[in-house]
Amino acid sequence: MSKKRVLVIDDSATVRMYHRSVLEAAGYEVSEAINGIEALEKALAVQEPFDLYIVDINMPKMDGYSFLRQLRQQPIPQVPAIVVSTESKTHDKAQAYEAGANFYLVKPIRPDDLVAYVCLLIGQGGHQ
Amino acid sequence: MADNSITYEDFVKFREFFYRKTGIYFEDSKRYFVDKRILERIEATNTGNFRGYFNLLRFQASGDELQHLINAMTVNETYFFREEYQFNCLVNSILPYITKTKTPGSLIRIWSIPSSSGEEPYSIAIYLTEYWTGLKDWDVEIIASDIDTNILKKAKEGRYSPRSVQYLSEGILKKYFKPLPDGDYQISDDFRQAVEFTHVNLFNLTDTKPYRHFDVIFCRNLLIYFDDQSRRQAAEVFFDALRPGGFICLGHSESMSRISSLFKVRKFPEAIVYQKPEEL
Amino acid sequence: MAIVKQRQASPISQDERRHIRDLTGLIEQLSDPNPIARRWAARDMANYPDSVSALAGQLDRETNGTVREAILTTLMLIGNTDAVSALVRCLRSEDAALRNDAIEVMKNMPDAVSMIIRDLLRDPDPDVRIFAVNILESLRHPDVQKWLIEVISNDKDINVCSTAVDLLAEVGTEDALSALEALKGRFSEEPYIAFSVDVALKRIKDNG
Ligand SMILES: C[S@@+](CC[C@H](N)C(=O)[O-])C[C@H]1O[C@@H](n2cnc3c(N)ncnc32)[C@H](O)[C@@H]1O
């Protein structure tokens, strides 16, 4: 069975590294993008679609909500998305769900929680 | 005899000035390249030292010396059919898309900036002629612009080295170029007359204002020399130069993700390009 | 049909830029019903430092993203303290696109931003403090590391601290080492802090 593929979208290099290390340890394959535009470019360029997006909200050039809104209009297979943010305000959550997120998690996220939510949405990572 | 010392402070002062004028920013690592050219210009203008020369640059009413220096500082490297997949995308996807929504008989406008010595706009012209059947039904205007006046002169002459044409097929070379005795190639007069070359500094609002209503803009291998702030300004210029729904193609190593959020990402089979929204 | 040249450049006189381009004229244009005219007014105002209050006022009302983007670019080019104050207000907006665009623009205004950054770093709203740290990311200013060390030594909010740590991983020097170690102690229960501090420590030591 081939590995499930996750695109991690965050402008912080350390956050991307962190998510990568957690998800790779759980058997997922991880790609990275530094903002919404790069994420769209990657999502459109790949032959096989990603299985899941993990999206930060505040990023330069294109924020997480705008990314999700544009992603949902693209002619590609639509897959789940988890929004992760430092903000816990209710209007942010509402915006995220409206834009097409499946979960809204507040940072910092514990490794077990991250893996649990990912697993809930797309099943376990491929076997190594 | 020129005083040939340029201090680090001089370099920094010059760098800020040049950046404000052209959007081009020289890192410290470019110091040798920059100093060498400034010294050449001090010599050529008989201004004696950096201070004298810098004053000339800043206060000369005609701006001629600034133009000389810009000509000396720009990187003009280019060749025919560079990043050919984008020309494929133009004739197979972008133009068919544009012509679907345009009134038949109206003009299609393409802007190649920076054009450097002309290889890019001429490549577009060749591509349209060879590979786009739509050319029998539509008029296309190709405007090509650069900040460097010397390179524009070369572009209009249309003489190219074997290196510059190395990626063209035998067939195309035969059909549209004439070999010259010195080994160079002369592009046919039809193309020279078809492409309009103009002098434009992307950072001069007065220069760029008349450039409007374009359907496609090629801006390749320029933004890599700019910092964030100049990229943002360049994006504003392109946005306003495009028609709603118009497209912009960037160089292979330039992604809009480092430049601006004004445009939409569009996937075509041959390439990813950027589009101005249909509605503001 | 063919590749052709037009006789004349496209007539600008017939479009949205036709009106008077002095400041009074531009301010009027800035609230024109047509967004294209508003964008042009905003762009042309870059030549008028006195236009900041008009731009700031329009920013509060403006619903069109492309016009807002032009207003922000112009505020960046004007670059004075009034322009920065207008941008600071955007950091509190509910609109994520506007907040992030304001952050980007402020990164390019080292002088004006350095006057107010300390206040931003002490703002009661942790989100604003995070944005202040984001602004430091590419602000060409000699005190950036000093400000970041203050943040990780004093700020109670874990996300503010971790944003500062991420940045120290890129710009930090040996001067930041002890503050980083101390932070790890302060949030000893948090796996992300442990992870990011270790990344920063390693980077700094490798560079040194
Ligand atoms: C490397 S060439 C790119 C040519 C062609 N587009 C390509 O991709 O092969 C870069 C050109 O940018 C031009 N240039 C630099 N700064 C400019 C500016 N501010 N406005 C217009 N052109 C500029 C230079 O003169 C140079 O000819």
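Chain letters run A, B, ... following the sequence lines, proteins first and then strands; every chain starts at 1.
A distance of 5.5 Å separates OG1 in Thr86(A) from CG in Asn159(C), rounded to the nearest 0.5 Å. Atom CZ of residue Phe195(C) and atom NE2 of residue His19(A) lie 9.5 Å apart, to the nearest 0.5 angstrom. Separating the CE atom in Met59(A) from the CD1 atom in Ile103(C) is a distance of 12.0 Å, to the nearest 0.5 Å. Rounding to the nearest 0.5 angstrom, the gap separating the CZ atom in Arg110(A) from the CD atom in Glu189(C) is 7.0 Å. A distance of 7.0 Å separates OG1 in Thr14(A) from CD in Glu170(C), rounded to the nearest 0.5 Å.
By the neighbour-count criterion of 12 heavy atoms within 6.0 Å, atom OH of Tyr117(A) is sparsely surrounded, having that number or fewer from other residues, nucleotides or ligands. Atom CD of Gln78(A) is surrounded by more than 12 heavy atoms from other residues, nucleotides or ligands within 6.0 Å.
Contacts with chain A (heavy atom to heavy atom, under 4.5 Å) involve these residues of residues 65-100 of chain C, listed by number: Glu94(C), Ala96(C), Ala97(C), Arg99(C), Asn100(C).
Between Tyr18(A) and Pro191(C) there is a side-chain heavy-atom pair separated by less than 4.5 Å. Within the 4.5 Å cutoff, no side-chain heavy atoms of Pro108(A) are placed close to those of Phe187(C). The shortest distance between side-chain heavy atoms of Asn58(A) and Phe131(C) falls below 4.5 Å.
Within the 4.5 angstrom heavy-atom criterion, no atom of Val22(A) approaches chain C. Within the 4.5 angstrom heavy-atom criterion, no atom of Ser162(C) approaches chain A. Looking at Met17(A), both its backbone and its side chain come within 4.5 Å of chain C, counting heavy atoms on both sides. In this structure, the portion of Tyr65(A) lying under 4.5 Å from any heavy atom of chain C is its side chain and not its backbone. Proximity to chain A is limited to the side chain of Ile158(C), based on heavy atoms less than 4.5 angstrom apart. Heavy-atom distances place no part of Asp101(C) under 4.5 Å from chain A, backbone and side chain included.
Applying the side chain to side chain donor-acceptor pair (under 3.5 Å) test to residues at least two apart or on different chains, none of the pairs has a partner in residues 105-116 of chain C.
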